[in-house]
Amino acid sequence: MIKKILILDKNHPFIIYKLKKKGFICDENYEDTTDKINLSAYDGVIIKSRLKIDKEFIEKAKNLKFIARIGSGTENIDKDHVIKKGITLISSPEGNKDAVAEHAIGMLLCMMNHIIHSHQQIITGKWNRETNRGIEIMGKTIGIIGYGNTGKSFSKKLSSFDAKILCYDILPEVGDIYAKQVNMSTIFKKSDIISIHVPYTKKTKGMINYNFIKKFYKPFYLINTSRGGCLITSHLVKALKNGKIHGACLDVLEYENFYSSNIFLNQKFHKFYKSFLYLIHSNKVLFTPHIAGWTKESKFKMDKKIVEKIIFLNQKFHKT
């Protein structure tokens, strides 16, 4: 039975209100590091990305029944040790899938139609029409790599653009009426646009490298709203320079410091600086600061989904 829950990141006030209404005791700690927290007093913790949930953390939490991660990514959690200790790990990727999908489409439209670039020209007194002639999504083939919650939402929203949508996933039979599931060979052969929607794992780390990129039959547009570590930045630069990639929409960066609000102050960033300098001066690249899933609506929906899963989990404990 779940009684006492520790909340380690600030969330929508709904989460505490609803849990308390259901009879749970909720404590909040938004400042301390894990070594200063008495974890053994809690049945569950709710986190985002402020702290790293490693083996040491888990060993201290003697009575922990669940770890709830607000959002979709769980790379700040030692999942293997969580499983070993019999702790349930839950997340809420359903809550921001629509936000990510809309953001990805917005970035793609801006890229293919030179919206940001032409706006910047106009405010400096330039009125260039021909050099900013756009490209339509209609009639293109879009390859979605990773067809889970966000991949499916992305394809559903794209369905009205009259494009051909293909998807690849390590799981079988996940295709639907919006995207035809195919093998990677077909993705390489047919795609004009690629959108990445995979979790960050040992297998996906650096998966978008030059060996991967050169397998595509045609130059393509690339969208990455998943995790920066899935894409090797220097390899992207090479592909942009030689025309293998037309343009890149990046909401995440390889060297994004997951535990800091300012990645540019991190010393590790320096070795990537040359590549980053090229990207920020290229009109073929569009950046946003890891905000694809950050809407006012998704903040509530992610918390709501976590509350529902905690309540459901507690009901399961009651039955056993």
Side-chain angles (χ1 to χ4, degrees), residues 73 75 100-101 104-105 107-109 111-112 135-155 158 161 163-176 178-256 272 274-276 278-279 282-287 292:
E75 60 264 37
V100 174
I105 293 171
M107 292 187 85
L108 182 62
L109 289 170
M111 172 61 65
M112 295 180 71
I135 297 172
E136 297 177 12
I137 295 175
M138 181 179 179
K140 304 298 184 294
T141 298
I142 302 168
I144 301 173
I145 300 177
Y147 205 60
N149 288 290
T150 56
K152 287 178 181 292
S153 181
F154 181 63
S155 66
L158 275 174
F161 282 81
K164 184 176 182 180
I165 306 175
L166 307 175
C167 68
Y168 170 81
D169 197 279
I170 58 173
L171 298 176
E173 299 179 7
V174 295
D176 53 25
Y178 302 109
K180 179 183 178 181
Q181 187 168 6
V182 297
N183 57 30
M184 275 306 302
S185 295
T186 305
I187 296 287
F188 290 137
K189 186 176 181 179
K190 301 287 187 180
S191 300
D192 301 295
I193 299 162
I194 289 292
S195 192
I196 310 300
H197 297 280
V198 298
Y200 185 64
T201 66
K202 291 178 181 178
K203 289 184 178 180
T204 62
K205 181 180 179 180
M207 66 175 282
I208 313 299
N209 53 49
Y210 197 73
N211 285 333
F212 180 90
I213 293 166
K214 71 181 183 181
K215 292 178 182 178
F216 284 85
Y217 282 48
K218 300 180 282 184
F220 61 96
Y221 289 93
L222 175 68
I223 311 166
N224 187 11
T225 55
S226 57
R227 286 293 183 266
C230 298
L231 169 65
I232 299 178
T233 310
S234 58
H235 293 203
L236 169 63
V237 169
K238 181 179 178 180
L240 287 166
K241 285 181 175 179
N242 66 22
K244 287 293 291 182
I245 292 180
H246 284 312
C249 304
L250 307 175
D251 181 54
V252 288
L253 296 172
E254 178 187 2
Y255 33 82
E256 184 177 348
F272 298 103
K274 188 176 180 180
S275 294
F276 183 70
Y278 172 84
L279 296 178
S282 172
N283 60 11
K284 297 178 181 179
V285 181
L286 184 60
F287 287 112

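Within the 3.5 Å criterion, the main-chain N or O of Arg227 finds a donor-acceptor partner in the side chain of Asn224. Between the side chain of Asn209 and the backbone N or O of Ile232 there is no donor-acceptor pair closer than 3.5 Å. The main-chain N or O of Ala101 is never found under 3.5 Å from a side-chain atom of Ser153 such that the two would form a donor-acceptor pair. Between the side chain of Gln181 and the backbone N or O of Val174, at least one donor-acceptor pair lies under 3.5 Å.
Between the side chains of Tyr147 and Ser155, at least one donor N or O sits under 3.5 Å from an acceptor N or O. Side chains of Ser195 and His197: a donor-acceptor N/O pair is present below 3.5 angstrom, by distance only.
The NZ atom of Lys284 sits 10.5 Å away from the CG atom of Leu236 when rounded to the nearest 0.5 Å.
A search for side-chain contact (heavy atoms from CB on, under 4.5 Å) contacts involving Val285 returns Leu240, Leu250, Leu279, Ser282, Phe287, not counting sequence neighbours. Applying the salt bridge (charged side-chain N to carboxylate O under 4.0 Å, His left out) test to Lys152 and every residue at least two apart in sequence or in another chain returns Asp176.
Nearest heavy-atom pair across Ile187 and Gly143 is CD1-CA, 4.0 Å. Looking at every heavy atom in both residues, Ile145 comes nearest to Met207 through CG2-CE, 3.9 Å. Scanning both residues, Ala239 and Ile213, for their nearest heavy atoms gives CB-CG2, 3.8 Å.
The aromatic rings of Tyr221 and His246 sit tilted, their planes meeting at an angle between 30° and 60°.
Partner of Asp192 under the salt bridge (charged side-chain N to carboxylate O under 4.0 Å, His left out) criterion, out of Lys218, Lys140, Lys164: Lys218 alone.
Checked against a 6.0 Å centroid threshold, the rings of Phe212 and Phe188 count as neighbours.
A cation-pi geometry, defined here as NZ or CZ lying under 6.0 Å from the six-membered ring centre and within 45° of its normal, holds between Lys241 and Tyr278.
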